[in-house]
Amino acid sequence: HVQLVESGGVSVQAGGSQKLSCTASGFTFDATDSGWYRRAPGNECELVSSISTNGSTYYADIVKGRFTISQDNAKNTMYLQMNSLKPDDTAVYYCAAAVGGRYWGQGTQVTVS
């Protein structure tokens, strides 16, 4: 079965950094378009970053220059490195992958104060 398990949620001070992880089973990230979404309190879910099978990446304007998406094929894990965190980055972060449809992780809370 397709599963995505996230970790790395944290409470951090403004200006700090945190790395989120998403480990997959039932598929491989290196053969799948995948990415990270987030939902802030009172807001709709938004795409933060994505990475395609050809290696191309996308970043929302509000995180460009601060966040980096990557994959470790040996561990079948996707990461989101978040630097220079701001209070507006506070949200539940979800990893997702397109595997004949879109699959989601459980979400992990990031709080910036």
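Throughout, numbering of the chain's residues begins at 1 and tracks the sequence.
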Practice task
Group every Ile, Leu, Val, Met, Phe, Trp and Tyr by side-chain heavy-atom contacts under 4.5 Å, then state whether Leu80 and Val10 land in the same group.
Solution key: yes
Practice task
Tell me, please, which residues at least two apart from Pro87 pass side chain to side chain contact (heavy atoms under 4.5 Å, CB included).
Solution key: Ala14, Val112
Practice task
Would you list the pairs meeting disulfide (SG to SG under 2.5 Å) in which at least one residue belongs to residues 20-70, sequence neighbours left out?
Solution key: Cys22-Cys95
Problem - Residues in side-chain hydrogen bond (donor to acceptor under 3.5 Å, both in side chains) contact with Glu6, at least two apart in sequence or another chain - result: none
Practice task
Please answer: with hydrophobic residues joined when any side-chain heavy atoms are less than 4.5 Å apart, are Val48 and Tyr59 in the same cluster?
Solution key: yes
Problem - side chain to side chain contact (heavy atoms under 4.5 Å, CB included) against Ser52, all qualifying residues, sequence neighbours excluded - result: Asp33, Asn54, Ser56
Practice task
Using salt bridge (charged side-chain N to carboxylate O under 4.0 Å, His left out) as the criterion, list what pairs up with Arg102, not counting sequence neighbours.
Solution key: none
Problem - salt bridge (charged side-chain N to carboxylate O under 4.0 Å, His left out) partners of residues 50-63, not counting sequence neighbours, each pair once - result: Asp61-Lys64
Handout entry: Asp30: side-chain hydrogen bond (donor to acceptor under 3.5 Å, both in side chains) partners, not counting sequence neighbours
Key = Thr28
Problem - Pairs where residues 8-20 contributes a residue and the test side chain to side chain donor-acceptor pair (under 3.5 Å) is met, not counting sequence neighbours - result: Ser17-Asn83
Exercise for the section: Evaluate the side-chain proximity of Val63 to Ser49: yes if any heavy-atom separation is below 4.5 Å, no if none is. Expected result: no
Completion exercise
With sequence neighbours left out, the residues meeting side chain to side chain contact (heavy atoms under 4.5 Å, CB included) with Thr77 are Ser21, Thr23, Lys75, Tyr79
Fill in the blank from the handout: Sorted by chain and number, sequence neighbours left out, ring-ring contact (aromatic ring centres under 6.0 Å, His included) with Phe29 holds for Phe27
Practice task
Sorted by first residue and then second, give each salt bridge (charged side-chain N to carboxylate O under 4.0 Å, His left out) pair with at least one member in residues 89-98; sequence neighbours left out.
Solution key: Arg38-Asp89, Arg66-Asp89
Exercise for the section: Report yes if the side chains of Ile62 and Glu46 come closer than 4.5 Å at any heavy-atom pair, otherwise no. Expected result: yes
Exercise for the section: Identify whether Ile51 and Val99 are in the same connected component of the hydrophobic contact network (ILVMFWY, side-chain heavy atoms under 4.5 Å). Expected result: yes
Fill in the blank from the handout: Residues Gln106 and Val5: closest non-hydrogen pair is OE1-CA, 3.7 Å
Handout entry: For Met78 against Ser34, the heavy-atom pair lying closest together
Key = SD-OG, 3.3 Å
Completion exercise
Applied to residues 94-113, the ring-ring contact (aromatic ring centres under 6.0 Å, His included) test, sequence neighbours excluded, yields Tyr37-Trp104
Problem - For Gly9 against Leu20, the heavy-atom pair lying closest together - result: N-CD2, 4.0 Å
Problem - Side-chain heavy atoms of Tyr58 within contact of Ile69, under 4.5 Å - result: no
